[in-house]
Amino acid sequence: MQKNNSPLTLLGNISPKQFFTEYWHKKPLLIRQAIPEFQPLLSKSELFELAAQDDVESRLITFFKKHWEMKNGPISSIPVKEKKDWTLLVQGVNLHNDDANELLKQFRFVPDARLDDLMISYAVDGGGVGPHFDSYDVFLLQAHGQRRWQIGAQKNLSLIEGMPLKILSHFESDQEFILEPGDMLYLPPQYAHDGVAIGECMTYSIGFRAPSFQELGESFMNFMSESIDLPGRYSDPDLKTTTKPAEISTELLTTLSEQIAKIRFTNDDITIFLGEYLTEPKPNVYFDSPEKPLTPKRFEQAALKKGVRLSRKTMMLYKGKHIFINGESFAVTTADKDILATLANQKNLAGSDLLGASPDAMEAFCLWYEDGWLELNP
Ligand code: SIN
Ligand code: CO
């Protein structure tokens, strides 16, 4: 976690503050040797194994005979290496691999609510996903081999229709770079780019999330539907005869408008919705519970000795007294809030940090441990 604003090698020796002011959402940044002597965190075969799992999101993209095709995972059959122009994309590698999870933590100068995942692409010579733009910021870290990136600030973002993936109908690059292992390219949202492998290569994409207002609004309405409380039922004791039986009466409409106007939501509702929404595990995430969990008493003893850490798949956020973890929310006391906020920020608590935890907090830790959301430190 970034504690201060000092220059980072990762950002080419500029501070996160300078990065946000000059580049974030504004212009690309090429960082040579952002991670000096970077080595791939997973071998090619480990990546292929992940792509074959059904709890992992993966895609195989081919451009055989100049024809784009995309197959969604699980991908169990990989084209032969000798064949050119294909790439395998594996999403959310941080959820399945400790080193990938640690790498993502280097990007926590951006808040967790915005950080999405680590995607790894493997490509053979000529492989890529075609010229496109993304709706999110991205850091493209070269992990193995070389990739030629062509990028352009074009305004025309129209796409070729009927394609299985987003391909720009006109792509004009104004800059070109060849990235070597350890080099990294930051691209703001909507920036046109095309990365083509020069020989076999692996690229790590550190992606961000920016839900659309429409998606947030629809999810909020869904969330609120669970708490709406409108007692009573429409009645019309003074109903009169009508010559237009098909017409909806003004009285019926007015009554409904009055009732709908009673539906209210507070800032607390919005806070709880947002925290639950942002920490909700993705649909293919399954937590690994301990095979032989300790009893609550033994768990407490072990936790006080070793400390605890959030599991790789756990997302924990907080705002004020509200704590959010994996789609659930709790309102906590001030004393517990400090401990839980430390756990969320550090993703780890030392045994000594747990001394002040209330019985309620300790019980929650034990339940999270049983569910595989939290682990004892090794
Ligand atoms: C890739 O790694 O091949 C694609 C990454 C991207 O263009 O966003
Ligand atoms: Co892209």
Side-chain angles (χ1 to χ4, degrees), residues 25 27-31 34-35 38 40-42 44 47-48 50-51 56-64 68-73 75 78-79 84-94 100 103-104 107 115-154 157-160 163-169 171-173 175-210:
H25 276 23
K27 60 181 182 190
L29 175 64
L30 172 69
I31 307 142
I35 307 187
F38 186 70
L41 306 174
L42 282 85
K44 194 168 80 179
L47 190 68
F48 292 176
L50 272 186
V56 176
E57 205 185 316
S58 60
R59 283 165 290 163
L60 179 70
I61 293 169
T62 55
F63 192 49
F64 300 153
W68 289 108
E69 269 192 44
M70 183 172 83
K71 186 171 177 282
N72 284 312
I75 308 286
I78 307 278
K84 282 180 61 163
D85 301 332
W86 63 268
T87 183
L88 175 76
L89 310 177
V90 183
Q91 212 75 48
V93 179
N94 52 297
L103 174 68
L104 201 58
F107 293 82
L115 200 54
D116 192 8
D117 73 338
L118 177 77
M119 179 189 88
I120 300 187
S121 70
Y122 167 85
V124 292
D125 190 37
V129 300
H132 67 284
F133 66 91
D134 296 304
S135 310
Y136 316 100
D137 309 76
V138 66
F139 286 98
L140 299 153
L141 171 68
Q142 192 59 21
H144 172 74
Q146 293 179 318
R147 186 183 282 272
R148 174 180 288 107
W149 284 102
Q150 294 185 308
I151 65 172
Q154 65 191 64
L157 295 178
S158 54
L159 302 172
I160 306 180
M163 285 283 152
L165 60 165
K166 280 190 342 185
I167 305 281
L168 284 166
S169 45
F171 175 58
E172 275 173 47
S173 66
Q175 291 184 80
E176 180 176 311
F177 319 101
I178 293 177
L179 265 67
E180 307 273 350
D183 292 346
M184 190 166 75
L185 176 63
Y186 161 75
L187 292 177
Q190 326 286 343
Y191 213 93
H193 55 285
D194 187 17
V196 177
I198 305 175
E200 191 180 46
C201 96
M202 281 199 259
T203 303
Y204 289 12
S205 295
I206 293 90
F208 296 87
R209 65 192 303 204

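Quick caveat, the model's predicted, so the values are computed rather than measured. Whatever order the structure lists them in is the order used to number ligands and atoms, beginning at 1.
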| message | According to salt bridge (Lys or Arg N to Asp or Glu O under 4.0 Å), does anything in residues 186-210 pair up with another residue at least two apart or in another chain? List the pairs. | response | Lys44-Glu200
| task | Output, by chain and residue number, all protein N/O/S atoms separated from the Co ion (ligand 2) by less than 2.8 Å. | result | His132 NE2, Asp134 OD2, His193 NE2
| For Phe139, which residues count as a side chain to side chain contact (heavy atoms under 4.5 Å, CB included) partner, sequence neighbours excluded? | Leu11, Phe19, Phe107, Phe109, Met184, Tyr186, Ile206, Phe208
| request: Report yes if some heavy atom in the side chain of Leu141 is under 4.5 Å from a heavy atom in the side chain of Leu103; otherwise report no. | output: yes
| Heavy-atom side-chain contact between Tyr136 and Asp116 under 4.5 Å | no
| Side-chain heavy atoms of Ile167 within contact of Leu165, under 4.5 Å | yes
Which pairs of N or O atoms, one from ligand 1 and one from the protein, are separated by less than 3.5 Å, and what is the distance for each pair?
unit_1: ligand 1; atom_1: 2 (O); unit_2: Ser121; atom_2: OG; d: 2.7
unit_1: ligand 1; atom_1: 3 (O); unit_2: Arg147; atom_2: NH2; d: 3.4
unit_1: ligand 1; atom_1: 7 (O); unit_2: His132; atom_2: NE2; d: 3.1
unit_1: ligand 1; atom_1: 7 (O); unit_2: His193; atom_2: NE2; d: 3.2
unit_1: ligand 1; atom_1: 8 (O); unit_2: Asp134; atom_2: OD2; d: 3.3

| task | Verify the neighbour count for atom CZ of Phe48: are there more than 12 heavy atoms of other residues, nucleotides or ligands below 6.0 Å? | result | yes
| query | When Asp134 is tested against each of Lys166, Gln190, His193 for side chain to side chain donor-acceptor pair (under 3.5 Å), which residue passes? | reply | His193
| query | Which pair of non-hydrogen atoms, one from Ser121 and one from Thr87, has the smallest distance, and what is that distance? | reply | CB-OG1, 4.1 Å
| Any side-chain donor near an acceptor of the partner, Ser169 and Ser158, under 3.5 Å | yes
